[in-house]
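Chain A is the first sequence line, chain B the second, and so forth, proteins listed ahead of strands; every chain is numbered from 1.
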2 protein chains.
Amino acid sequence: MPSSRPLRADARRNREALLAAAREAFLADDDAHVEEIARRAGVAVGTLYRHFETREALVAEVYRQEVAELCATPARLLAQHAPDEALRTFLLLLVEHAAVGRGMGEALESIMATDSPVFDDARDEMARALDELLAAGVAADLVRSGINGRIVLRALGGICGMRAKGWKDDALRIATILYDGLRYGAANHG
Amino acid sequence: MPSSRPLRADARRNREALLAAAREAFLADDDAHVEEIARRAGVAVGTLYRHFETREALVAEVYRQEVAELCATPARLLAQHAPDEALRTFLLLLVEHAAVGRGMGEALESIMATDSPVFDDARDEMARALDELLAAGVAADLVRSGINGRIVLRALGGICGMRAKGWKDDALRIATILYDGLRYGAANHG
DNA sequence: CACACAAACGGAATCCGACTCACCTTATGG
DNA sequence: CCATAAGGTGAGTCGGATTCCGTTTGTGTG
């Protein structure tokens with residue numbers, strides 16, 4: 001029994017307010033100090049820490065929700081496009097998504113680059129989503145085999161972690177290069 | 001006249017000791033707090049800060065020295081291999097180089113991902129080294145045009161910033177994918 | 001409705017790094 | 001050998017995350 005009681009009403013409210021405040025803060029870039037997030041949510045830091053082990057845990061949870069949304073898209077893309085096109089679109093989408101703000105970018109990077117168990121679920125979900133696209137591409141001989149979602153994810157995590165001014169343009173170009181690289185080894189590339 | 005006097009003897013000694021201690025500390029991974037680095041060098045933190053503006057500046061300087069070495073290699077590689085092979089080798093070499101330790105990995109990431117003028121020189125040098133390889137590849141129609149060293153560098157910086165357990169294998173695979181992606185757009189690929 | 005009390009909250013205090021500064025020490029060149 | 005400016009020291013400040021415990025409040029009894 002992981003969750004003993006169903007959380008008191010005010011507690012649930014605060015938890016949600018904190019997540020909303022954090023998301024907002026990250027989108028706005030604000031360096032998003034814990035105090036600031038708590039203030040936005042109308043609670044004290046102590047409350048924040050009652051709900052989230054550490055600042056990172058909060059970041060992770062916010063991102064996990066975003067990730068859950070993203071992970072639903074491969075299926076939709078595959079229904080509408082050829083596997084390679086779906087893959088390309090998704091890679092670009094990931095970059096766009098990382099662009100929602102630097103706060104998010106850092107969170108993404110953390111999620112991708114850390115071994116902390118906290119991030120395992122999100123990473124697995126994303127990797128699975130990418131696997132779906134890669135497998136479809138491989139099955140259609142449009143994408144090289146021998147690559148799994150986890151690896152591509154790491155590359156993207158690295159790319160999206162970039163913080164320099166023109167990062168987004170560069171990230172998009174690199175995503176394209178990755179995409180071409182992934183197609184390159186396929187049976188009927190060219 | 002940027003450097004007024006030639007530095008007092010003890011000052012130069014301490015400066016070098018600090019750089020050596022920092023390099024050592026980074027290689028050993030130790031989280032390398034400033035106090036720790038100063039201690040290893042046998043000086044006080046104040047001395048460290050007399051020589052280096054910030055902790056990052058010290059990191060950057062250590063890395064700049066490493067970078068200078070790396071930047072000499074493209075010319076050598078081009079003398080011995082075809083441009084595309086030289087490029088491939090250099091990309092893999094960069095990953096190996098980042099592998100000297102996590103401390104270094106972080107430094108590399110900082111250098112690649114930051115706009116801070118502190119890192120401009122190192123970044124420019126590396127970008128120039130890569131440009132050299134890319135230009136040779138483009139001239140021989142072995143590499144796509146329209147890509148510059150700065151972009152590739154960012155991708156690698158992101159990749160090498162990964163901190164998870166199996167990062168190196170993944171980084172090598174990704175470097176290969178990037179390489180294939182770079183060749184893909186060339187006139188006579190295939 | 002009032003009570004009991006565990007759950008939740010607040011926010012001052014603590015901790016942990018990087019970084020600073022007022023004061024001492026010592027090369028150096030005259 | 002002295003004057004003096006370059007250099008060194010390390011306790012202290014500062015900015016952030018995190019903790020702790022006294023106070024408040026939702027909730028399920030009677």
Visitor: Less than 4.0 angstrom from a charged side-chain N to a carboxylate O is my criterion; do B/R39 and B/E35 meet it?
Guide: no
Visitor: For the CG atom of A/L87 and the CG atom of A/L93, what is their distance to the nearest 0.5 Å?
Guide: 12.0 Å
Visitor: Give the minimum heavy-atom separation between B/F90 and B/A129, together with the two atoms involved.
Guide: CZ-CB, 4.4 Å
Visitor: Does A/H51 make a side-chain N or O approach to OP1 or OP2 of C/dC9 shorter than 4.0 Å?
Guide: yes
Visitor: Rounding to an integer number of Å, can you tell me how far B/I37 CD1 sits from D/dG8 P?
Guide: 16 Å
Visitor: What does the B/S/- profile of nucleotides 11-18 of chain D look like, 5' to 3', with a 4.0 Å heavy-atom cutoff to protein?
Guide: B----SSB
Visitor: Report yes if a side-chain nitrogen or oxygen of A/T47 is closer than 4.0 Å to either non-bridging phosphate oxygen (OP1 or OP2) of C/dA8; otherwise report no.
Guide: no
Visitor: Return the polar atom pairs (N/O with N/O) between nucleotides 24-28 of chain C and the protein under 3.5 Å, or none.
Guide:
residue	atom	partner	partner atom	Å
C/dT26	O2	B/R8	NH1	3.4
C/dA27	O4'	B/R8	NE	3.4
C/dT28	OP1	B/A9	N	2.9

Visitor: Starting at atom CZ of B/R15, determine the distance to atom C1' of D/dA6, rounded to an integer number of angstrom.
Guide: 15 Å
Visitor: So, A/E36 and A/R40, do they make that salt bridge, N to O below 4.0 Å?
Guide: yes
Visitor: How long is the line joining CD of B/E36 and C1' of C/dA18, in whole Å?
Guide: 15 Å
Visitor: What integer distance in Å separates B/N14:CG from D/dA6:P?
Guide: 17 Å
Visitor: For the side chain to side chain contact (heavy atoms under 4.5 Å, CB included) test, which of A/N148, A/L91, A/I151, A/I147 pairs with A/L130?
Guide: A/L91
Visitor: Between B/R144 and A/D180, does any NZ, NE, NH1 or NH2 come within less than 4.0 Å of an OD or OE carboxylate oxygen?
Guide: yes
Visitor: Expressed as a whole number of angstroms, how long is the span from B/F52:CZ to D/dG7:P?
Guide: 13 Å
Visitor: Could you walk me through whether A/N14 and A/L48 pass the side-chain contact (heavy atoms from CB on, under 4.5 Å) check?
Guide: CA-CA 8 Å; A/N14 282 335; A/L48 187 154; over 6 Å; no
Visitor: Salt bridge or not between A/R12 and A/E16? Use side-chain N to carboxylate O under 4.0 Å.
Guide: no
Visitor: Grab the CG-P distance between A/L18 and C/dA8 for me, whole Å please.
Guide: 13 Å
Visitor: Looking at B/R150 and B/D131, does any basic side-chain N land under 4.0 Å from a carboxylate oxygen?
Guide: no
Visitor: Please report the distance, rounded to the nearest Å, between CZ in B/R50 and C1' in D/dG7.
Guide: 5 Å
